[in-house]
2 protein chains.
Amino acid sequence: MAHQHRDYEALMRRHGFRVTPQRQLILDAICEGEGHSTPEQIYERVHAKAPAVNRATVYRTLDFLHELRLVFAADLGGGSMVYEIAGDKPHHHLVCQSCGKVEEIPHQTVKGLFARIGREQGFTVKTDHLALFGLCRDCRGEDPGS
Amino acid sequence: MAHQHRDYEALMRRHGFRVTPQRQLILDAICEGEGHSTPEQIYERVHAKAPAVNRATVYRTLDFLHELRLVFAADLGGGSMVYEIAGDKPHHHLVCQSCGKVEEIPHQTVKGLFARIGREQGFTVKTDHLALFGLCRDCRGEDPGS
DNA sequence: CTACATGCAAAGAGTTTGCATCCGC
DNA sequence: GCGGATGCAAACTCTTTGCATGTAG
């Protein structure tokens with residue numbers, strides 16, 4: 001299926017897990033998303049190709065892929081977690097509370113903070129997708145009271 | 001009821017809202033928590049004093065108090081939001097994924113990042129309680145594969 | 001052939017909503 | 001007394017779980 005990332009099949013097998021069609025379909029669906037996908041979106045993409053696949057399998061597989069570090073998981077506050085294919089450098093998100101727009105923060109910007117926390121508090125930050133909420137360039141200034 | 005924070009009654013009335021016994025009880029319960037409380041914990045504290053108060057009222061009131069900025073809300077990943085009385089300087093949290101311990105990050109540590117994001121990306125961060133997940137001093141080094 | 005993975009259906013947690021009643025102002 | 005606030009119960013969303021069946025290795 002030519003995923004852009006490295007040999008996920010070998011990774012699964014090396015850890016003693018099986019490579020099933022469902023796992024491949026779900027991984028494909030995450031890649032198709034080009035960005036963040038909710039479990040429901042992933043389920044729908046998979047379901048379009050393979051109607052027999054169950055929601056529970058999607059949830060179980062997303063946990064599984066996240067544990068194998070094949071996907072990133074983030075809570076962008078939309079009610080569901082969102083998942084994204086791993087492999088590129090980590091990046092983080094700014095979520096506008098007014099218009100809902102999501103923009104990225106380069107890891108470079110955040111790196112210093114994580115390092116400082118490691119140094120000063122002895123805590124290793126493992127958040128792979130940080131989400132910060134606030135007002136984007138277009139919406140700030142429009143939101144007086146709230 | 002001598003809350004440590006400023007005149008919440010006037011604030012509510014100024015915005016055209018009513019000061020009800022439920023709202024006072026819920027505010028009290030948040031203060032008693034001394035830290036983060038889930039809606040359920042708050043409900044239980046209120047319910048002990050006033051069994052007639054309903055869960056729905058707790059949820060509605062927490063939203064209400066958050067909108068008035070009388071309480072902070074944070075998602076520490078425990079399944080429920082957590083609420084804390086506002087008024088002190090903002091602070092943020094490190095949540096250990098191994099032992100569950102929660103420690104604080106001084107706002108000072110995070111401030112630089114928020115400022116940088118405002119400067120470089122034109123985005124005003126409004127996250128009042130940031131939560132970062134990872135491994136605390138005691139747990140790092142213990143967690144090889146995962 | 002055996003243990004891991006899946007499908008199904010049901011349960012579970014946390015939260016929200018419609019509507020009649022209540023009560024603060 | 002008017003309109004916001006509450007209680008109640010039901011619904012709703014997202015996710016998890018038990019168990020029988022299926023299948024990868």
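Residue numbering restarts at 1 for every chain, and letters A, B, ... go by the order of the sequence lines.
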Take the protein atom [atom1] of [X] and the nucleotide atom [atom2] of [N], then report the distance between them rounded to whole Å.
X: Glu9(A); N: dG25(D); atom1: CD; atom2: C1'; answer: 13 Å
X: Gln24(A); N: dA24(D); atom1: CD; atom2: C1'; answer: 11 Å
X: Tyr43(A); N: dC14(D); atom1: OH; atom2: P; answer: 14 Å
X: Tyr83(A); N: dC14(D); atom1: OH; atom2: P; answer: 13 Å
X: Glu40(A); N: dT16(D); atom1: CD; atom2: P; answer: 14 Å
X: Tyr59(B); N: dT6(D); atom1: OH; atom2: P; answer: 16 Å

Quiz item: With a 4.0 Å cut-off on heavy atoms, is Met12(B) in touch with a base, just the backbone sugar-phosphate, or nothing at all?
Solution: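 Nothing, no nucleic acid heavy atom in range.
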Quiz item: Base, sugar-phosphate, or nothing: which does Arg60(B) touch, judged by heavy atoms less than 4.0 Å apart?
Solution: base
Quiz prompt | 5'-most by nearest nucleotide on DNA chain C - Asn54(A) or Val19(B) | solution =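 Its nearest nucleotide being more 5', the pick is Asn54(A).
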Below 4.0 Å: OP1/OP2 of [N] and any side-chain N or O of [X]:
X: Thr57(B); N: dG7(D); result: yes
X: Ser80(A); N: dT15(D); result: yes
X: Gln22(B); N: dG7(D); result: yes

Self-check item: Residue pairs passing the ring pair (Phe, Tyr, Trp, His ring centres under 6.0 Å) test where at least one lies in residues 15-35 of chain B, sequence neighbours excluded
Solution: Phe17(B)-Phe64(B)
Practice problem: From the options dG7(D), dA24(D), dA5(D), select the nucleotide whose nearest atom is closest to the side chain of Arg23(B). | Solution: dA5(D)
Practice problem: Would you please classify the geometry between the His36(A) ring and the His91(A) ring as parallel, tilted or perpendicular, with 30° and 60° separating the classes? | Solution: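 Taking His36(A) first and then His91(A), their aromatic rings sit tilted (interplane angle of 30° to 60°).
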Quiz item: Between Arg14(A) and Glu9(A), does a salt bridge (charged side-chain N to carboxylate O under 4.0 Å, His left out) hold up when you go through it step by step?
Solution: CA-CA 8 Å; Arg14(A) 186 172 351 118; Glu9(A) 295 200 13; over 6 Å; no
Quiz item: Pick from Leu70(B), Thr61(B), Leu62(B): which one makes a side-chain contact (heavy atoms from CB on, under 4.5 Å) with Ile30(B)?
Solution: Leu62(B)
Exercise. Taking only Lys NZ, Arg NE, NH1 and NH2, and the carboxylate oxygens of Asp or Glu, determine whether Arg45(A) and Asp28(A) approach each other closer than 4.0 Å.
Key: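 Result for this pair is no, no salt bridge flagged.
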Quiz item: Hey, is Lys49(A) close enough to Glu32(A) for a salt bridge, meaning N to O under 4.0 Å?
Solution: yes
Exercise. Examine Phe72(A) together with His92(A) and report whether their ring centres are nearer than 6.0 Å.
Key: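 No, ring centres 6.0 Å or more apart.
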Quiz item: First and last nucleotide of DNA chain C in contact with chain B, 5' to 3', at under 4.0 Å to a heavy atom: what are they?
Solution: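 The footprint of chain B covers dG14(C) to dC25(C).
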Quiz prompt | Side chain Arg18(A) and base dG25(D) donor-acceptor under 3.5 Å | solution =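 In this structure, the two groups form no donor-acceptor pair.
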Practice problem: Report the residue (Gly16(B) or Val53(B)) whose heavy-atom-nearest nucleotide on DNA chain D is the more 5′ of the two. | Solution: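 Here Gly16(B) is the residue nearer the 5' end.
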